[in-house]
Protein chains: 2
Amino acid sequence: MLYICPMDIVEISKVLSNETRVNILKWLKDPESNFPPHQDIDHFDDGVCVGFIQDKTGLSQSTISTYLTAMQNADLIIPTRHGKWTYYRRNEKVIEAYINTLSKEL
Amino acid sequence: MLYICPMDIVEISKVLSNETRVNILKWLKDPESNFPPHQDIDHFDDGVCVGFIQDKTGLSQSTISTYLTAMQNADLIIPTRHGKWTYYRRNEKVIEAYINTLSKEL
DNA sequence: TTTACATATCTAGAATAATAGATATGTTAA
DNA sequence: TTAACATATCTATTATTCTAGATATGTAAA
């Protein structure tokens, strides 16, 4: 079981206090249903590229990049670079640990 | 099982994105350990009065009142008036429902 | 019926977050 | 190499949150 510092509750809650960021996490649960197929690779094993996420939200590229960086800093998502593209996938262990921590601490 | 609208994730996460508010929720889990006994009543059945919460945080009265109002608006705590004092206790059902919703939706 | 007290609300300044345009960085293709 | 592209970072503006002092409201005691 992954240990999440109780102080992280605040940091992760900050990420979840924005609807777009919550939606991104939800969409990444099921990329096949929520995004078109990638061109260079035929799977979503490393997640979804930034451009697709941006298109889906309708927000600017810089805003989405900022959001994804914040989510990555909170360890909620994991980036992988493939050529020109950065793919983001959920960090299931941290998400689960966060919910477990809430169950215990909150 | 209480239904929590997925949109409430954002509202409740906003409450939890502040360390003082998280602490208040934690303290209210075990008032006997975290607060002195009340004068007029010899129990914490309806929670803890605002003044005690304010003392514990060290923040101003108006700030704590604002926090408690926000937490009440998010249904995380329940107020009860006894004479001059307002007591706040946790809304366990909503807290549990929030965590359940996160488990399913997030 | 004043006075004191507990809490809520109003008002405002400071701090932080949201957001996008411009620019920089890193990658691939020509 | 240059050019094109994907993403990240910088800069700046607007919006929201934090926080407290001042004031209002509601309750109980004198």
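Residue numbering restarts at 1 for every chain, and letters A, B, ... go by the order of the sequence lines.
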With a non-hydrogen cut-off below 4.0 angstrom, is [X] in contact with a base, only sugar-phosphate, or nothing?
| X | answer |
| --- | --- |
| Leu68(A) | nothing |
| Leu59(B) | sugar-phosphate |
| Ser17(A) | nothing |

Nearest-angstrom distance from the residue atom [atom1] of [X] to [atom2] of [N]:
| X | N | atom1 | atom2 | result |
| --- | --- | --- | --- | --- |
| Leu16(B) | dC18(D) | CG | P | 12 Å |
| Asp40(A) | dC5(D) | CG | C1' | 12 Å |
| Ile41(B) | dA28(D) | CD1 | P | 13 Å |
| Gln54(A) | dG21(C) | CD | P | 11 Å |
| Glu11(A) | dT16(C) | CD | C1' | 15 Å |
| Lys14(B) | dC18(D) | NZ | P | 10 Å |
| His82(B) | dT27(D) | NE2 | C1' | 14 Å |
| Met71(A) | dA8(D) | CE | P | 13 Å |

* Would you call the rings of His38(A) and Phe44(A) parallel, tilted or perpendicular, where under 30° means parallel and over 60° means perpendicular? -> tilted
Between [X] and [N], is there a side-chain N or O to OP1/OP2 distance below 4.0 Å?
| X | N | value |
| --- | --- | --- |
| Lys84(B) | dT7(C) | no |
| Arg81(A) | dA6(D) | no |
| Tyr88(B) | dA8(C) | yes |
| Asn18(A) | dA17(C) | no |

* Rounded distance (nearest 0.5 Å) linking atom CZ of Arg90(A) with atom NZ of Lys29(A) -> 5.5 Å
* To do: Measure the CG-CD1 distance between Asn18(A) and Ile9(B) for me, rounded to the nearest 0.5 Å.
  => 12.5 Å
* Take atom CD of Glu32(B) as the centre, draw a 6.0 Å sphere, and report whether it contains more than 12 heavy atoms from other residues, nucleotides or ligands. => yes
* Measure from the side-chain heavy atoms of Val50(B) and tell me the nearest of dT17(D), dT7(C), dG26(C). => dT7(C)
* To do: Consider the side chain of Thr63(B), meaning its heavy atoms from C-beta on, and name the nucleotide among dT27(D), dA20(D), dT7(C) that approaches it most closely.
  => dA20(D)
Heavy-atom donor-acceptor pair, [X] side-chain to [N] base, under 3.5 Å:
| X | N | value |
| --- | --- | --- |
| Gln61(A) | dA6(D) | no |
| Ser62(A) | dA20(C) | yes |
| Thr86(A) | dA6(D) | no |

* If you look at every heavy atom in Ile24(B) and Met71(B), which pair is closest and at what distance? -> CG2-CE, 3.9 Å
